Protein chains: 2
Amino acid sequence: MHSFETTIGRLRSEGFKLTPQRLSVIRYLIGNTSHPTAAVIYKDLKRKYPSLSFSTVYNTLNMLEKIGEVQSLHLFDDFLNYDPGTEAHHHFVCRSCNSIIDIFPRDAENVSLPEGDISGNRIESAQVVFKGMCRNCL
Amino acid sequence: MHSFETTIGRLRSEGFKLTPQRLSVIRYLIGNTSHPTAAVIYKDLKRKYPSLSFSTVYNTLNMLEKIGEVQSLHLFDDFLNYDPGTEAHHHFVCRSCNSIIDIFPRDAENVSLPEGDISGNRIESAQVVFKGMCRNCL
DNA sequence: CTCAAGTCAATAACTATTCTTAATACCGTT
DNA sequence: AACGGTATTAAGAATAGTTATTGACTTGAG
């Protein structure tokens, strides 16, 4: 996700209205590296916006995903996690505490992925998911 | 998934009974590289076993996953795909035809992933998902 | 063959997400 | 500052893939 100003500028230019609900979700996500679920976002924002609806959280997340400001991650069976990261990166999932840790290219010099084609198929994007035990659980 | 004999041997040794339904699912999956969903497996086997139940397909798949004979893949939003591959490999997902293509290490010499630790987290497994256009859709 | 343990089919239940609807709030225009 | 068209909201119903429940049936060890 870009800065607050950049993000709301993009919303505006795409014709979306700036509602307090949307702004609160955006503020919640900027700089958030915890990969929250929709349920967690809803629960946390509900304190400040008691009338907030679940649908609104989902609608906002879907909208932000459509314009590329967040990414949904299918790392677990039953729910999605949302990642406000915009630059390409990978993820580490701890099998003990289930935390999701961003792995940026600068910290992953040993990760090298092909570009262009693989077995005749044209690659447009690639994502790596590591699983194991995180540093805190070790 | 291993050979038919090896797989049913593992079932037997784990204390599972060998029922015609389970054998049919196992036979269906061995050598199958199409990454079928539970729904597709059910539909196909229903012709030969008209009394087959959806639960049985799911139960069998979950059992096979528990003993490591299949792997469930969360590549799409609304359903799981099942992969009888046992050796480590990656996947290519076509955004046009939605097909899932196995990418084995021998075909992916440009893929290199770290082993051991990354940023202090201990890696136990790693999976790459490529997205793009498959050779047939190009 | 017998019988207990395990499995089956049918269907109800579950849960994350999406859809529906009437009421509301945003914002360009006045 | 107020208006009005229209996108958005809140609440709850609906959806769909998967899992759990239940009572009858089957498997396979002894």
Side-chain angles (χ1 to χ4, degrees), chain A residues 7-26 28 35-67 70-83 98 100, chain B residues 7-26 28 35-67 70-83 98 100:
Chain A
T7 303
I8 65 175
R10 293 203 57 195
L11 276 205
R12 218 193 286 273
S13 72
E14 298 264 357
F16 292 108
K17 290 182 177 173
L18 303 182
T19 65
Q21 294 89 339
R22 285 175 175 169
L23 296 178
S24 75
V25 172
I26 291 169
Y28 183 90
H35 307 84
T37 62
V40 167
I41 297 170
Y42 172 71
K43 185 173 75 62
D44 286 351
L45 293 179
K46 189 81 174 174
R47 290 182 306 151
K48 207 165 185 181
Y49 299 86
S51 76
L52 183 68
S53 152
F54 232 119
S55 319
T56 300
V57 173
Y58 276 108
N59 285 339
T60 302
L61 289 169
N62 287 339
M63 177 200 65
L64 290 172
E65 186 171 23
K66 212 164 286 175
I67 67 173
V70 304
Q71 190 184 1
S72 63
L73 304 173
H74 294 275
L75 299 174
F76 296 102
D77 281 2
D78 298 336
F79 50 83
L80 296 173
N81 293 89
Y82 287 89
D83 186 340
N98 288 332
I100 302 167
Chain B
T7 302
I8 65 175
R10 293 204 56 196
L11 277 204
R12 217 192 286 273
S13 72
E14 298 265 356
F16 293 107
K17 290 184 176 173
L18 301 182
T19 66
Q21 293 89 339
R22 283 177 176 169
L23 296 178
S24 75
V25 172
I26 291 169
Y28 183 89
H35 307 83
T37 62
V40 167
I41 297 170
Y42 171 71
K43 183 173 75 64
D44 286 351
L45 292 179
K46 187 82 174 176
R47 290 183 306 152
K48 207 165 186 182
Y49 299 86
S51 75
L52 183 68
S53 151
F54 233 119
S55 317
T56 301
V57 174
Y58 275 110
N59 286 338
T60 303
L61 289 169
N62 288 338
M63 177 200 65
L64 290 173
E65 186 171 22
K66 210 164 287 173
I67 66 174
V70 304
Q71 189 185 2
S72 62
L73 303 174
H74 294 275
L75 299 174
F76 296 101
D77 280 3
D78 297 337
F79 49 84
L80 297 173
N81 293 89
Y82 286 89
D83 185 341
N98 288 332
I100 302 167

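Predicted model only: the values in this text are computed from it and were never measured. First the proteins, then the strands, lettered A, B, ... as listed; each starts at 1.
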Q. Quick one: how far along DNA chain C does chain A reach, first to last nucleotide 5' to 3', anything under 4.0 Å to a heavy atom?
A.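 Boundary nucleotides touching chain A, in 5' to 3' order, are dA16(C) to dC27(C).
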Q: Examine distances only and state if a side-chain atom of Arg22(B) and a backbone atom of Thr60(B) form a donor-acceptor pair shorter than 3.5 Å.
A: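 Not at all, since once roles are kept as given, no pair shorter than 3.5 Å links the two residues.
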Q: Could you tell me whether Thr19(A) contacts a base, only the sugar-phosphate backbone, or nothing, with contacts defined as non-hydrogen atoms closer than 4.0 Å?
A: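 Since only primed, P, OP1 and OP2 atoms lie under 4.0 Å of Thr19(A), the category is sugar-phosphate.
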Q. What does Phe16(B) touch in the nucleic acid at a heavy-atom separation under 4.0 angstrom: a base, only the sugar-phosphate, or nothing?
A.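 Sugar-phosphate contact only - Phe16(B) comes under 4.0 Å of backbone atoms but never of a base.
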Q | Asn62(B) side-chain N/O to dT19(D) phosphate OP1/OP2 under 4.0 Å | A |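 Yes.
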Q. Taking only side-chain nitrogens and oxygens of Gln21(B), does any of them come within less than 4.0 Å of OP1 or OP2 of dT26(D)?
A.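 Negative; the distance criterion is not met.
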[X] [atom1] to [N] [atom2]: how many Å, rounded?
X: Ile41(B); N: dT18(D); atom1: CD1; atom2: C1'; answer: 14 Å
X: Tyr42(B); N: dT18(D); atom1: OH; atom2: C1'; answer: 14 Å
X: Arg22(B); N: dG28(D); atom1: CZ; atom2: P; answer: 10 Å
X: Leu11(B); N: dG28(D); atom1: CG; atom2: P; answer: 11 Å
X: Leu52(A); N: dT8(D); atom1: CG; atom2: P; answer: 15 Å
X: Lys17(B); N: dG28(D); atom1: NZ; atom2: P; answer: 7 Å

**Q.** 5′-ward residue of the pair Asn81(A)/Lys46(B) relative to DNA chain C
**A.**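 Comparing both residues, the 5'-ward one is Lys46(B).
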